[in-house]
Amino acid sequence: MRRHLANESSSGSVDCNSDDVSVRRESVPAENGRPESAKTCSAVKTKSCGPIRQCLFRTLVPLFLMFFSPNLVVMLWYTAAKCSGSFFVLFDRLTSDGIYEGVTKIWLDIHIASPLSVAVIVGYLLWALVLMIVVPGPRSQGPVTPNGNVPIYKDNGFTCYAITMVAFWTLAIGLKTFTPYSVTIVYDHFDECLGTLTVFSHVLCFFLHLKGLVMPSTSDCGTSGNVVFDYYWGTELYPRVFGVDVKVFTNCRFGMTVWALLVCVFALKNYELHGFVDGPWVSAALQLIYFTKFFWWEAGYMNTIDIMLDRAGFYICWGCLAYIPGLYASVSMYFADQSAGLGWPLSLAIFSLGLLCCAVNYLADKQKLDVRRTNGQCLVWGRRAEVIRAEYRLENGQTKTSILLVSGYWGIARHFHYIPELGLAFLWSSPAMFRHVMPYSYFIWLVILLIHRTFRDDTKCSHKYGKYWDEYCRRVPYKIIPYLF
């Protein structure tokens, strides 16, 4: 679920240097994103494979992930809150009475749908929904889908994020000053919140599964014929409910914003327990800078693989509603009860390197935006931009052209921007030093996710661009790290 920009240039062309699906807009349909010619839904298109592969990758693997992932986030919470962040302590406790019995006991001790967790979650959902609808913003368009639909968005993400953060800190200060309560009650009952989110997410996924089959918002919908895979992957690409884009809400207004709020909650909990400790606040500061950058560029996120290819099923919706709060925020959850400091020299070094990673990631994205905006007629590192103009065909037979940038950062590696992103994730985890593995859980997950994404992206772009992608790979042979990978 990483965010990689893919805005379009003034000429309408975009590139596929990262995990973007690139198309050119020819016309803008109605506000619901449905062109006049779109009358029927298309089934999920899949590559033909044998029954064993079908069973493995479209039934067994989705079932495993749907079972394993909720247990993973609960175990991460239990490790941070009950085992001092040690996986060894967790393992000892789980194996003392048997792993199944141990996991079952942890789940049974969680008060799912407790009044507090329901109030917190529903309260925030209503807050985010109202902001998403009421806050103004310029009109933004996503790329044309293979069925000819053009999703329309209101680009108000940064404003919603800023209002939410100001409201949070106002609430935090107000509660601490005038009442005996604190926003850190969310940390004290975080297991209840995770359990409630898991149940709520499944309800939402079931609703979206039926909606995509019965009342889809666009023609980008359909079934694979496998009910397990349909529930996991989703039956609709761009579902909307009463005009609200479900994926924008779950991914951005909930997932990313709640991650930022949890970072603040956990940092405040650390302050309540131990006073000011530099390490947790360095980590929190770097993460908040990352979130601010994300929401500033949110319109570009609407052109990434999370939005353009991944349907609204368990993978995306449960992932954003429960997996992001449970795994992505796990490093801050770990820091909440840690008292060891770093000292100003090391804290400053980590923070400075984190800022450098943010800057490099920003500059790499800016290079692509500049090339798109000028249709390749610009300078990159003081030289004329080197591009490949790649032709491809849509499903309706129309021929389009995209720009593949092969100079600057994008001439170093096809996914060079993953390096500063991984570096930043490592740096905001590093104040934990190396006493435990648990605070590096997100970083380890990110490494796996981005490596997998490079192969997924290459397959997609090779199929789309053919000989042009072959030429691009010849000129930029490395995926992420030059001479290594």
Side-chain angles (χ1 to χ4, degrees), residues 69-86 89-90 93 102-128 164-165 167-204 250 253-274 280 284 287 318-339 438-439 441-442:
S69 301
N71 285 287
L72 173 62
V73 296
V74 167
M75 291 306 107
L76 285 173
W77 160 79
Y78 189 81
T79 302
K82 307 295 184 181
C83 303
S84 301
S86 172
V89 175
L90 172 68
R93 293 187 181 180
V103 172
T104 301
K105 184 178 184 303
I106 292 174
W107 274 102
L108 291 176
D109 288 340
I110 296 175
H111 299 143
I112 296 176
S114 66
L116 176 65
S117 65
V118 171
V120 170
I121 293 168
V122 173
Y124 176 75
L125 286 172
L126 293 175
W127 166 270
T164 299
M165 297 306 291
F168 169 81
W169 284 103
T170 301
L171 177 65
I173 294 171
L175 287 177
K176 199 67 175 177
T177 303
F178 301 108
T179 75
Y181 303 106
S182 170
V183 293
T184 59
I185 195 173
V186 173
Y187 171 83
D188 300 331
H189 298 268
F190 194 55
D191 56 329
E192 300 172 13
C193 294
L194 286 176
T196 305
L197 283 172
T198 294
V199 173
F200 169 76
S201 301
H202 276 290
V203 173
L204 176 63
T250 57
R253 300 300 174 269
F254 194 94
M256 290 298 293
T257 308
V258 166
W259 182 6
L261 292 172
L262 288 175
V263 167
C264 297
V265 167
F266 297 152
L268 287 174
K269 185 64 178 182
N270 178 269
Y271 183 78
E272 288 180 356
L273 294 174
H274 307 292
Q287 291 180 76
W318 181 87
C320 291
L321 294 176
Y323 198 62
I324 286 180
L327 175 65
Y328 288 40
S330 60
V331 60
S332 295
M333 181 168 57
Y334 169 85
F335 282 130
D337 194 29
Q338 300 297 315
S339 60
M438 187 262 170
S441 298
Y442 168 69

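Owing to the predicted nature of the structure, the values given are computational and were not obtained by experimental measurement. All values below were derived from every heavy atom in this structure, side-chain atoms included, with hydrogens, water molecules and symmetry-related copies excluded. We're numbering straight along the sequence, starting at 1.
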Does a side-chain heavy-atom distance below 4.5 Å link V263 with W259? yes
Rounded to the nearest 0.5 Å, what's the gap from CD1 on I121 to CG on L116? Could you check? 9.0 Å
Partners of K82 by side chain to side chain donor-acceptor pair (under 3.5 Å), sequence neighbours excluded? none
Got a sec, which residues hit side chain to side chain donor-acceptor pair (under 3.5 Å) with Y334, two or more places apart in sequence or on another chain? H436
Keeping to residues at least two apart or across chains, list the salt bridge (charged side-chain N to carboxylate O under 4.0 Å, His left out) pairs with something in residues 172-185. K176-E272
Rounded to the nearest 0.5 Å, the SG atom of C264 sits from the CE atom of M165 at a distance of 3.5 Å
Examine distances only and state if a side-chain atom of N270 and a backbone atom of F335 form a donor-acceptor pair shorter than 3.5 Å. yes
Partners meeting salt bridge (Lys or Arg N to Asp or Glu O under 4.0 Å) with K105 (sequence neighbours left out): D109
Any donor-acceptor pair under 3.5 Å from S201 side chain to L197 backbone: yes
Suppose we screen for side chain to side chain donor-acceptor pair (under 3.5 Å). Which residues come up paired with H274, at least two apart in sequence or across chains? none
Would you compute the distance between atom CG of L90 and atom OG1 of T79 and round it to the nearest 0.5 angstrom? 4.0 Å
Would a line drawn from the ring center of W77 to the ring center of F190 be shorter than 6.0 Å? no
Sorted by chain and number, sequence neighbours left out, side chain to side chain donor-acceptor pair (under 3.5 Å) with S84 holds for none
Between T196 and C193, is there a donor-acceptor pair closer than 3.5 Å when you use the side chain of the first and the backbone of the second? no
Working to the nearest 0.5 Å, report the span between SG of C83 and CG of L76. 11.0 Å
Could you walk me through whether W107 and I112 satisfy the side-chain contact (heavy atoms from CB on, under 4.5 Å) test, starting with their C-alpha distance in whole Å, then the side-chain angles of each, then the deciding distance to 0.1 Å, before giving a yes or no? CA-CA 9 Å; W107 274 102; I112 296 176; 4.2 Å; yes
Could you measure the distance from the OG atom of S441 to the CE atom of M333? Nearest 0.5 Å is fine. 8.5 Å
Rounded to the nearest 0.5 Å, how far does OG1 of T164 lie from CG of L171? 12.0 Å
